[in-house]
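One structure is given here, and the rest of the page talks about it.
Computed from a predicted structure; not experimentally measured.
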Amino acid sequence: MTEDDRSGPRPRNVHHLNPRSLRGLAHPLRMRLLSSLRLEGPATASQLAARLGESSGATSYHLRQLAEYGFVEDDPDRGKGRERWWRSAHQGTRTDEDLIRDPNPEVQAALSTLLYEYATQRAQEVTTWIATRHEWSQAWDEAADTSDYTLTLSPAQATELSHKVNALMESYRNAPPPQGTPDVAQVRVHSHIFPTRPAPAEDA
């Protein structure tokens with residue numbers, strides 16, 4: 001499972017979560033702060049407070065916590081004035097299988113918080129698109145997609161599908177449109193692969 005941002009000028013790097021860093025990240029506001037820095041670029045605590053509708057005291061505190069766990073850092077290209085500028089220290093976050101299988105209840109509770117917040121953020125992104133689609137060009141309205149599929153797979157096939165989808169996404173990351181191409185936009189792609197059970201039959 002990964003969560004990442006747009007491609008940036010720095011070489012792409014991904015933070016692999018461990019039990020300690022998972023606990024440091026698994027807080028709704030911290031996750032929103034990190035996502036904002038990755039998607040919208042470096043900012044001060046005050047700017048992030050305005051973006052997210054929070055107090056600057058809260059954003060300052062949680063930015064310092066994110067820095068302690070290695071998720072954010074000072075932006076050396078800014079921050080020459082009184083206010084401290086922050087940027088994401090990595091361009092993505094990965095949850096590896098060892099962490100998913102960790103038997104510690106505290107780790108699993110933190111992982112659930114992380115997953116629920118990811119789901120909330122992604123749902124908000126989709127509803128924002130729906131609410132603002134009239135502001136985009138017809139080409140973007142036609143290009144956007146909200147499809148879903150139901151497949152019958154084994155766990156091995158689901159893993160293979162996930163790897164193929166991720167490889168396809170990476171192929172587009174490494175082939176951006178030529179400079180000067182009109183109507184270019186940052187695009188968010190959500191991928192969810194999970195098993196389901198049929199609803200129980202009602203008694204006759």
Side-chain angles (χ1 to χ4, degrees), residues 1-15 25 28-54 59 63 66 71-72 75 77-78 85-95 114-151 153 157-194 196:
M1 181 189 71
T2 62
E3 185 275 333
D4 65 6
D5 70 346
R6 61 188 174 187
S7 295
R10 293 173 287 155
R12 180 169 171 74
N13 59 86
V14 175
H15 176 77
L25 178 60
L29 181 52
R30 291 179 199 174
M31 293 178 65
R32 291 170 63 209
L33 287 166
L34 184 59
S35 291
S36 181
L37 290 173
R38 286 178 175 171
L39 296 174
E40 301 174 86
T44 67
S46 297
Q47 290 169 338
L48 287 163
R51 284 183 193 175
L52 303 179
E54 299 285 342
T59 56
L63 283 165
L66 286 169
F71 289 102
V72 303
D75 187 341
D77 297 328
R78 299 176 175 85
W85 282 75
W86 299 92
R87 71 178 187 183
S88 173
H90 313 94
Q91 291 179 292
T93 301
R94 178 174 292 277
T95 308
L114 190 84
L115 294 174
Y116 278 122
E117 184 59 25
Y118 279 157
T120 298
Q121 289 179 2
R122 290 164 187 174
Q124 289 174 342
E125 289 178 345
V126 173
T127 55
T128 297
W129 153 249
I130 293 170
T132 61
R133 56 189 288 266
H134 64 280
E135 300 174 3
W136 293 83
S137 66
Q138 181 179 346
W140 273 118
D141 198 7
E142 294 173 352
D145 180 71
T146 54
S147 300
D148 64 87
Y149 302 88
T150 301
L151 309 173
L153 304 174
Q157 287 177 308
T159 299
E160 179 184 21
L161 174 61
S162 178
H163 290 166
K164 286 183 176 180
V165 168
N166 289 335
L168 180 61
M169 295 303 107
E170 290 299 326
S171 72
Y172 278 89
R173 187 196 303 280
N174 297 325
Q179 188 172 2
T181 301
D183 207 14
V184 172
Q186 180 177 312
V187 171
R188 294 285 285 162
V189 180
H190 298 170
S191 173
H192 306 279
I193 299 175
F194 54 90
T196 63

Surrounding CH2 of W136 (heavy atoms of other residues, nucleotides or ligands, distance under 6.0 Å), is the total greater than 12?
no
Hey, could you give me the OH/OG distance between Y118 and S35, rounded to the nearest 0.5 Å?
7.0 Å
Evaluate the criterion side chain to side chain contact (heavy atoms under 4.5 Å, CB included) for residue pair L39 and R188; output intermediate values, then yes/no.
CA-CA 10 Å; L39 296 174; R188 294 285 285 162; 3.6 Å; yes
Can you list the residues that meet the salt bridge (Lys or Arg N to Asp or Glu O under 4.0 Å) rule with R51, with sequence neighbours excluded?
none
If we only count heavy atoms from C-beta on, is the L52 to L29 side-chain gap below 4.5 Å?
yes
Quick one: CG on L37 to CZ on F71, what's the gap to the nearest 0.5 Å?
12.5 Å
Is atom CD of E135 surrounded by more than 12 heavy atoms (other residues, nucleotides or ligands) closer than 6.0 Å?
yes
Minimal non-hydrogen separation, V165 against S191, with atom names
CG1-OG, 4.0 Å
With a 4.5 Å heavy-atom cut-off, do Y149 and L161 have their side chains touching?
no
So, H190 and E125: side-chain donor and acceptor under 3.5 Å apart, yes or no?
yes
Residues, nucleotides or ligands: over 12 heavy atoms within 6.0 Å of D148 CG:
no
Atom CD in Q121, atom CG in L34: separation rounded to 0.5 Å?
9.0 Å
Would you name the heavy atoms of P176 and N174 that are closest together and state the gap between them?
CD-C, 3.5 Å
Kindly compute the distance separating CE (M31) from OG1 (T93), expressed to the nearest 0.5 Å.
8.5 Å
So CG of N166 and CZ of R173: to nearest 0.5 Å the spacing works out to 10.0 Å
Looking only at the side chains, is there a donor atom on one of D183 and W140 sitting less than 3.5 Å from an acceptor on the other?
yes
Salt-bridge criterion met for R32 and E54 (N-O under 4.0 Å):
yes
Could you check whether any side-chain heavy atom of W85 comes within less than 4.5 Å of a side-chain heavy atom of Q47, counting everything from C-beta outward?
yes
Got V14 and H90 here, is their nearest side-chain heavy-atom distance under 4.5 Å?
no
Just by modelled atom types, is the P177 backbone N or O under 3.5 Å from a matching donor or acceptor in the T181 side chain?
no
Run the side chain to side chain contact (heavy atoms under 4.5 Å, CB included) test on D141 and W129 for me, step by step, so that the C-alpha distance in whole Å, both residues' side-chain angles and the decisive distance to 0.1 Å come before the verdict.
CA-CA 10 Å; D141 198 7; W129 153 249; 3.9 Å; yes
Between L48 and S36, the two heavy atoms sitting closest are CD2-OG, 3.5 Å
Interatomic distance, R122 atom CZ to T127 atom OG1 [nearest 0.5 angstrom]
14.0 Å
